[in-house]
2 protein chains.
Amino acid sequence: MYELLYKKITENITITEAEFEFCKTLFQPKKLRRKRFLLGEGEVCKYTAFVEKGLLRSYIIDEKEAEYVLQFSMEGWWVADLSSFLTGEPSEFNIEALEDCELLLITRPSWSLLLEKIPAFERYFRILIEKNLIVTQRRLIASFTNTAEEKYQKLVQNFPHILQRVPQHMIASYLGITPETLSRVRGQMTARK
Amino acid sequence: MYELLYKKITENITITEAEFEFCKTLFQPKKLRRKRFLLGEGEVCKYTAFVEKGLLRSYIIDEKEAEYVLQFSMEGWWVADLSSFLTGEPSEFNIEALEDCELLLITRPSWSLLLEKIPAFERYFRILIEKNLIVTQRRLIASFTNTAEEKYQKLVQNFPHILQRVPQHMIASYLGITPETLSRVRGQMTARK
DNA sequence: CTTGTGTCAAGAAATAGCCTTGATCTGCGT
DNA sequence: ACGCAGATCAAGGCTATTTCTTGACACAAG
C-alpha cells in the first residue's frame, strides 16, 4: 500500500527506514469509489491525500452552474485544496474520484507533526510545491498565449495516457476551451496526418 | 422551504409560531443532486436530514461488494445513520440521493439545543422513533415469514408510488431478494390477472 | 475581413444501467 | 428422497444517459 509513497518520497529526499515507518503511522488509507467525493464545496479540506491508485479531478462550479476542472491527480500525486487545508476555511473545490481510488490521507495535525519530527520533509514538500507552482505558472501563461490546439498538444505530450482515462469534455474544461472546440481541433489534427 | 417540516411536526405536537421560527434557525437547507451522497461509509454522520423534496436510499456494502438497501427516504421523512449520529463513530451507511433533493440538515449540537429549548420535540422525536421501530420490526418478521411475492405486495400496498421512482433492482435489494426473483414474481402476478 | 473560438442546436455514437429469461444449483421441510 | 422457493450464472435486449461531433452563426482581435 505504501510502496508508491516511499518511492516518491525517496526520489526527492533521503530518509531512514525507521523514519518512514513513523511516517506511515501518520497516514490513514482510504478507498474512494468512482464518482465519490473526497471534498465537496462548502466543506473544510481536512486531509491532504496521496494517490496510490486511481485518478481524481478537482473542479469548481461557478454561479452559472458551469464546471471548471483545475486539476487531474493521478498515481503518485498529491491532492487537496491547499488553501482550505492550511487556513481551515471552507473550500470551493470539489474533488471527485474519476476511477476507484486508493488514497493515503494525512490530517493537518499529523502533517505538522511529520514536518516537526522529520525536517527532511520540509524539503520534500518545498520541492513538491515548487514543481506545482512552476506547472501552474506555465498553465497560466499558456492560457494567455497558446491556441486551443497548442494547449491540447502540450497536454498530450505531458500526459499521453490521460486521454484514455478521462472524457474529452473534462479535458476541454481543464484546457479552458469548449468541448466543441476540442472536438474540432482533434478532427483537424488527425485529418492532417 | 419549511412548509413540509412544519406540517409534519404539527401533525404530532403543538408548537407556537415563535417556537417554529426558532426551530427553523437550527436547520441548514441543502440541495443534493441526484447520485450524490449525503453520507459515505467511513464518515461520521454529522447531520440528521429532513427530506423536503426528493428521494434517498440508505444502503450498506458488504465484503463481497454487494449492496443492501436498508431504507428509502422520501418527502416528509427523516434520514440519517442514527447510530453514527448519536455516538460519533464512523458510519457503515451510504446515503445517496436517487433524485435531486432538498434537505434540511440539523447537527447534533443544534438538535440537542432544540430538545432542550422546546421539550415538545422530545415527544415528537419519540413518536418518530416509535413508528420507525414498529416498521422495522415488521420488516424483520416479514423477512422470516413472507415469500418474495408477499413482501413485494406489501411494499406495493404501503408505497404504491415508489415503483415509479426507484429501479427494480433496488426494490429487490430492499426486500432481500434477487432482481431475478423480483422480475419473475412480477411476471407471474401480471400473468395471473 | 480573416482567424480563432464561443454559443446554440441537433444528432450520432458509445456506454452504462436496467430488466427479463433460461438453465442450473441449493437448502429446507415434508 | 422429492419438490419448492429462491439463489446463482449467463446471455440478451431495451432504454436512458453520457459523450462526442457537426453545422450554422456570432463576435472580438489582430
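In what follows, chains are A, B, ... by sequence order, proteins preceding strands, each numbered from 1.
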Report the residues that fulfil ring pair (Phe, Tyr, Trp, His ring centres under 6.0 Å) with A:Phe22, sequence neighbours left out, ordered by chain and then residue number. none

Using rotation axes that map the C1' atoms of four end pairs onto the next four (five pairs an end), what angle separates the end axes of the helix from C:dC1-D:dG30 to C:dT30-D:dA1, to 10°? 30°

Report the residues that fulfil ring pair (Phe, Tyr, Trp, His ring centres under 6.0 Å) with A:Tyr2, sequence neighbours left out, ordered by chain and then residue number. none

Going by ring pair (Phe, Tyr, Trp, His ring centres under 6.0 Å), name the pairs with one or both residues in residues 170-191 of chain A, residues two or more places apart or in two chains. A:Phe72-A:Tyr174

For residues 131-164 of chain B, which residue pairs pass the ring pair (Phe, Tyr, Trp, His ring centres under 6.0 Å) check, not counting sequence neighbours? B:Trp77-B:Phe159

Round to the nearest Å and state the distance from A:Glu150 atom CD to C:dT3 atom P. 16 Å

Identify, with sequence neighbours excluded, every residue that meets side-chain hydrogen bond (donor to acceptor under 3.5 Å, both in side chains) alongside B:Glu99. B:Arg165

Using a heavy-atom cut-off of 4.0 Å across all strands, would you classify B:Thr147 as base, sugar-phosphate, or nothing? sugar-phosphate

Terminal contacting nucleotides, 5' and 3', DNA chain D versus chain B (heavy atom, 4.0 Å): D:dG6 to D:dA10

When the aromatic ring centroids of A:Tyr6 and A:Phe20 are compared, is their separation below 6.0 Å? yes

Set of residues satisfying salt bridge (charged side-chain N to carboxylate O under 4.0 Å, His left out) with respect to A:Lys24, sequence neighbours excluded: A:Glu21

Would you please name every residue forming a salt bridge (charged side-chain N to carboxylate O under 4.0 Å, His left out) with A:Glu63, sequence neighbours left out? none

Using the test salt bridge (charged side-chain N to carboxylate O under 4.0 Å, His left out), find all partners of A:Glu96 that sit at least two apart in sequence or belong to another chain. A:Arg57

Which letter, B, S or -, goes with each nucleotide of nucleotides 12-30 of chain C from 5' to 3', with contact meaning a protein heavy atom under 4.0 Å? ------SSBBBB-------

Not counting sequence neighbours, which residues clear ring pair (Phe, Tyr, Trp, His ring centres under 6.0 Å) with A:Phe125? List them please. A:Trp78, A:Trp111

